[in-house]
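Since this is a predicted model, take the numbers as computed values, not measurements. Hydrogens, waters and symmetry mates are skipped; everything else that's a heavy atom, side chains included, is used.
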Amino acid sequence: MKKKYISFVNFSLFFLIILIWSYFLYKKTIYFHIDGENAQKIVSFLEKEFHVSIDNKLVIFIVFNTLPFSSELEDIDKIALKRIRSIKIMVFFGKRLRFPFKPSFKFITDPHLRLFAIKKDEKFRKRYFLIIKNSKVIYIGKGIININDIVHLIKISSSVSSYSINGSNEMEGYLKETLKREELFLYNLKTNSYRNISNLSFKEICFIPYICPNKKYEKLLNTNMGHRIFIFPVFVNSYKVKKFLSELGSISYAYFDRKDELNLLFVNILSREPLCFKGEQGKNENY
C-alpha cells in the first residue's frame with residue numbers, strides 16, 4: 001500500500017512538473033526564412049493569426065520576442081492612429097504585457113511562441129520588423145522600433161503623399177493656418193488628457209520639432225511661463241519630453257500632438273530649431 005502511495009505521489013509530481021513546464025517554459029519557435037522576395041509563410045501566418053487578408057496591402061509586421069519599451073508602443077500607435085487604408089500594422093508579443101494606453105493597432109500575444117526571421121546567415125531573434133508589399137518582404141530591420149525609421153520606409157514603399165517644409169517662415173504659416181481650426185485636440189502632458197487648445201488664450205506659441213536636453217531648450221522652456229504654450233509634434237517621443245519637462249517644472253504648458261492633428265507625420269521638417277510666434281486670443285483665459 002505504501003509503495004502504491006509513493007508511486008502515486010511521484011506520478012502526480014511528475015505530471016505537475018510537466019504542466020508547469022508546458023505553461024511557463026515551453027516555447028514553440030517558428031522560423032521565417034526571408035529567401036529573396038518569398039514571404040509566403042509569413043503571409044500565411046499573418047492571415048491565419050490576425051484573421052485578415054493581406055492582398056496587395058503594405059504590411060508592417062513588428063515582432064517583440066522580448067518586452068517592448070513604452071516609447072516603442074507609442075510610436076507604433078501613432079502610425080496606426082492615421083488609419084491609412086493602404087497600410088496594415090500587425091504586432092506580435094512573445095510576452096504578456098500591460099499597455100500604457102489602449103492600442104489602436106492589431107496585435108496578438110502568445111508567451112509560448114517565438115518568431116525568428118532568417119535572412120541568409122543572419123538571425124533576427126529579439127525584436128525586428130518586416131515591410132511586406134504585394135506578399136513580398138521588401139525590408140527587414142532589427143533593434144529599437146523607431147517612428148522615424150518606419151515613416152521613412154512607408155514614404156518610399158507606398159503611395160502616401162509627403163512633402164517638405166523649408167525654413168521657419170513656411171512652418172509658421174502652416175501652423176497658423178492649422179491652429180485656426182475651431183477644434184484642435186492636443187494631449188496635455190501634465191493632466192494626461194486631451195484638450196481643445198483652440199479655446200485657450202495665450203500670447204505666444206512655441207513649436208518644438210525636436211527635443212534634446214541642453215541649455216538652449218532649458219532657457220526657452222523656462223522663459224515667460226504662463227504666457228506661452230509648447231507644442232510638440234507627433235514624431236517627438238512624449239516619454240522623453242515628459243521626463244525632461246518635469247525636471248524643469250514646465251510641463252503644465254506642454255501639449256503633445258499624439259493623434260497628429262497637425263498632419264505632420266509624413267512631412268519632412270528640415271529645420272530642427274524651435275519656432276515661437278504670436279498666438280491668437282482664445283475663448284478661455286485659463287490653461
Main-chain N/O of [Y] paired with [X] side-chain donor or acceptor, under 3.5 Å:
X	Y	answer
E72	I145	yes
K126	T66	no
E170	G167	no
R127	L67	yes
D75	N146	no
N65	R125	yes
D260	L264	yes
R181	E261	yes
T109	R96	no
K57	R85	yes

Flag the pair [X] / [Y] as yes when at least one side-chain heavy-atom distance between them is below 4.5 Å, and no otherwise.
X	Y	value
I87	V160	yes
S162	N268	no
N148	H152	no
I138	L153	no

Open item on the list: Show, in sequence, the C-alpha distance, side-chain angles and deciding distance for F235 and V267, and conclude whether the side-chain contact (heavy atoms from CB on, under 4.5 Å) test is met.
Closed with: CA-CA 10 Å; F235 42 79; V267 175; over 6 Å; no
Just checking [X]: does its [atom1] atom have more than 12 heavy atoms from other residues, nucleotides or ligands closer to it than 6.0 angstrom?
X	atom1	result
K82	NZ	yes
F101	CZ	yes
K242	NZ	yes

Open item on the list: When you compare the side chains of N237 and K243, does any donor N or O come within less than 3.5 Å of an acceptor on the partner?
Closed with: no
How long is the gap from [atom1] on [X] to [atom2] on [Y], to the nearest 0.5 Å?
X	Y	atom1	atom2	result
F230	F207	CZ	CZ	14.0 Å
I132	I54	CD1	CD1	6.5 Å
I150	I76	CD1	CD1	6.0 Å
I208	C276	CD1	SG	7.0 Å
D257	K78	CG	NZ	9.5 Å
E273	M171	CD	CE	14.0 Å

Open item on the list: Between Y128 and F32 (judged by ring centroids, cut-off 6.0 Å), do the two rings come close enough to count as a pair?
Closed with: no
Open item on the list: Could you check whether F256 and F232 have their ring centres less than 6.0 Å apart?
Closed with: no
- [ ] Determine, for D110 against K28, whether the closest basic-nitrogen to carboxylate-oxygen distance falls under 4.0 angstrom.
- [x] no
Looking only at heavy atoms, which two atoms of [X] and [Y] are closest? And how far apart?
X	Y	answer
P68	L97	CG-CD1, 3.8 Å
S271	P209	O-CG, 3.8 Å
S198	E183	OG-N, 3.9 Å
V236	E74	O-OE1, 4.1 Å
E182	N196	O-ND2, 3.1 Å

- [ ] Flag this pair as yes if the NZ/CZ of K259 is under 6.0 angstrom from the six-membered ring centre of Y194 and inside a 45 degree cone about the axis; otherwise no.
- [x] yes
Open item on the list: Check for me whether K123 meets the cation-pi criterion with F116, that is, NZ or CZ under 6.0 Å from the six-membered ring centre and within 45 degrees of the ring axis.
Closed with: no
Hydrophobic cluster membership, with links at side-chain heavy-atom distances under 4.5 Å among I/L/V/M/F/W/Y: are [X] and [Y] in one?
X	Y	result
F50	L113	yes
Y187	L81	no
F129	I156	yes
V91	I144	no
F92	F69	no

TODO: Might you work through the side-chain contact (heavy atoms from CB on, under 4.5 Å) test for E49 and M90, ending with a clear yes or no?
DONE: CA-CA 10 Å; E49 298 297 328; M90 289 170 260; over 6 Å; no
Task: Criterion side-chain contact (heavy atoms from CB on, under 4.5 Å) on L179 and I197, from CA distance to verdict - done: CA-CA 9 Å; L179 292 167; I197 69 160; 3.8 Å; yes
TODO: Just do the side-chain contact (heavy atoms from CB on, under 4.5 Å) check on I205 and L175 with the steps written out, would you?
DONE: CA-CA 10 Å; I205 301 168; L175 288 172; over 6 Å; no
Open item on the list: Considering only residues two or more places apart or on different chains, which pairs with a residue in residues 157-183 satisfy ring pair (Phe, Tyr, Trp, His ring centres under 6.0 Å)?
Closed with: none
TODO: Determine the interplanar angle of the F107 and F105 rings, folded into 0 to 90°, and report it as parallel if under 30°, tilted if 30 to 60°, perpendicular if over 60°.
DONE: perpendicular
Task: Plane angle bin for F61 and F45 - parallel if under 30°, tilted between 30 and 60°, otherwise perpendicular - done: tilted
TODO: Give me the one residue out of I60, I154, V137 that meets side chain to side chain contact (heavy atoms under 4.5 Å, CB included) with I131.
DONE: I60
